[in-house]
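Bear in mind that the values here come from a model prediction, so they are computed numbers and not experimental data. Order of listing sets the numbers, starting from 1, for every ligand and every atom in it. The figures here come from the full heavy-atom set of this structure, side chains too, leaving out hydrogens, waters and symmetry mates.
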Amino acid sequence: MPEIAAPKGTRDILPDEFGARRWLLDAHRTVAESFGYRAIETPIIEATDLFIRGVGTDTDIVEKQMFTFEDRGGRSLTLRPEGTAGALRASLGAHLDQEVRPVRVHYAGPFFRAERPQAGRQHQFTQVGIECIGEGSPALDAEIVEVAWRFFAALGITGIRLQVNSLGGPEDRARYRTALVEYYTPLEATLCDDCRRRLHTNPLRLLDCKRDAGLVEGAPLLWDSLDGASRDHFTAVLRDLEAAGIDAIRNDRLVRGLDYYSDTVFEFWHDTLQGAQSSLGGGGRYDGLAELLGFPETPATGYALGVERILMVARTLGTVPGVEPAAEVLVCSVEPDQAGAAAAMARLLREAAARTVLDVADRRLDRKLRGAGRVGARVAVIVGENEVAGASAVVRDLDSRSQQTVPVAELAATVARILGGDS
Ligand code: AMP
């Protein structure tokens with residue numbers, strides 16, 4: 001039979017790898033919830049229009065990276081390429097902002113982009129993120145950066161280089177767009193195809209271009225186009241970050257790939273990642289997005305971080321915890337006749353919170369005991385004819401190889417003592 005492989009750009013997370021993933025996801029949940037963020041889950045498929053309106057037609061994502069298909073009713077659906085548009089649609093659609101402002105939500109889940117697969121770039125990847133919806137205060141921009149910062153610290157990841165910039169408000173950007181067009185128009189013939197087109201549709205995206213990086217160096221600075229209020233907002237963010245003990249690097253060229261950002265934008269970079277994939281994630285303020293989606297104007301700010309890339313860094317730095325074994329205890333019968341008694345003891349141990357695997361297969365005891373090592377068990381409980389007759393069990397410490405026969409009533413306590421290291 002031909003083997004069916006996982007689709008291109010996707011991968012399986014097998015049990016040995018899952019522990020690291022869970023460690024990361026638990027850390028993100030714990031840190032986000034310590035700041036009062038609450039979990040949310042939105043659909044993996046969304047109306048294509050959500051991203052066309054929310055992310056913007058001149059972005060790489062919408063232009064060439066979406067997995068889009070029609071449902072049976074002819075509606076265009078897209079596998080979500082990012083989480084902010086969906087989280088905002090869900091929160092405002094349910095009027096959460098009328099109960100409490102700001103609405104603080106966090107999420108984790110799969111996202112999909114049709115990029116050329118390579119290290120750190122997959123068709124299906126995982127993001128954790130938070131959104132803080134309903135207030136425009138710079139203190140909240142600093143708060144979300146701090147959540148991410150504490151999360152990286154919880155994972156033991158050092159060496160994060162936080163890049164921050166301000167895109168200002170719509171008028172600032174209009175001014176800056178004019179300045180960019182003035183700068184790039186005489187150079188138009190030398191630009192790459194994408195940039196030449198974007199010069200007329202979305203000139204800010206020219207700053208993201210890797211091919212025309214030399215030209216980016218000489219481009220006008222965004223800061224020079226910002227008005228007083230935008231500068232004050234950004235200055236307040238920088239001040240709050242400093243007060244929180246967070247090192248921020250101002251990067252005037254940081255514009256981020258999506259259209260919906262305004263004022264503060266940021267990215268977390270790490271040197272162990274290479275080139276275009278050096279970003280662990282990022283985010284910023286997106287005060288204009290709610291209106292683009294047809295909701296009343298609602299200021300908001302948030303971030304998304306790439307789980308696979310963060311795990312790559314954590315592995316390189318050696319901060320990922322060791323693989324957790326499947327079980328602590330193996331309970332086995334000597335012969336099939338003792339299967340029922342062995343199963344009852346396994347139940348008893350699980351109730352006492354020991355992770356317990358049961359082996360009542362019809363094969364030799366020494367082979368069953370070898371299996372104990374493979375599942376990672378440190379204790380074997382052996383149930384033979386004599387044990388059933390005496391309402392007892394043989395408890396073997398697989399590290400010290402010592403063993404004792406104990407009454408069933410003392411089984412859980414004996415096992416707990418060995419696992420606790422004081423046998
Ligand atoms: P973005 O929404 O583009 O800012 O992405 C945020 C983060 O998600 C990135 O910094 C990456 O860590 C991760 N990410 C984005 N696209 C991919 C991808 N195709 N494969 C793996 N991770 C990705």
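Close placement of the F67 and H123 rings is indicated, their centers lying within 6.0 Å of each other.
Taking the side-chain hydrogen bond (donor to acceptor under 3.5 Å, both in side chains) definition, one finds that Y286 meets it with E131, sequence neighbours left out.
Proximity of Q127 to ligand 1, defined as any heavy-atom pair under 4.0 Å, is confined to the side chain (atoms from C-beta onward). Within the 4.0 Å heavy-atom criterion, neither part of I310 lies near ligand 1. At a heavy-atom cutoff of 4.0 Å, ligand 1 is contacted by both the backbone and the side chain of S279.
For ligand 1, the atoms lying closer than 4.0 Å to a non-hydrogen atom of Q122 are 18 (C), 19 (N), 20 (N), 21 (C). The ligand atoms of ligand 1 that sit less than 4.0 angstrom from a heavy atom of A304 are 6 (C). Atoms of ligand 1 found under 4.0 Å from any heavy atom of G120 (numbered from 1 in listed order, with element): 20 (N), 21 (C), 22 (N). Annotation for ligand 1: atoms under 4.0 Å from non-hydrogen atoms of E115 are 16 (N), 17 (C), 18 (C), 19 (N). Listed by atom number, the atoms of ligand 1 under 4.0 Å from F125 heavy atoms are 14 (N), 15 (C), 16 (N), 17 (C), 18 (C), 19 (N), 20 (N), 21 (C), 22 (N), 23 (C).
With salt bridges taken as basic N to acidic carboxylate O contacts below 4.0 Å, none links E308 and R11. A salt bridge does not link E63 with R205: none of the charged nitrogens is closer than 4.0 Å to a carboxylate oxygen.
Under a 4.0 angstrom heavy-atom cut-off, E308 registers as lying outside contact with ligand 1. Residue contacts with ligand 1 leave out E82, since none of its heavy atoms falls under 4.0 Å from the ligand.
Between I44 and F112, some side-chain heavy-atom pair lies under the 4.5 Å cut-off.
Not one N or O of G282 is nearer than 3.5 Å to an N or O of ligand 1, by distance alone. For a threshold of 3.5 Å applied to N or O pairs, the pair formed by G281 and ligand 1 contains at least one separation below that value.
D71 places a side-chain N or O within 3.5 Å of a backbone atom of G73 that can act as its donor or acceptor partner.
Each of L206, L191, L207 was compared with L215 under the side-chain contact (heavy atoms from CB on, under 4.5 Å) criterion, and only L191 meets it. The residue from D97, T42, I133 that alone fulfils the side-chain contact (heavy atoms from CB on, under 4.5 Å) condition with S91 is I133.
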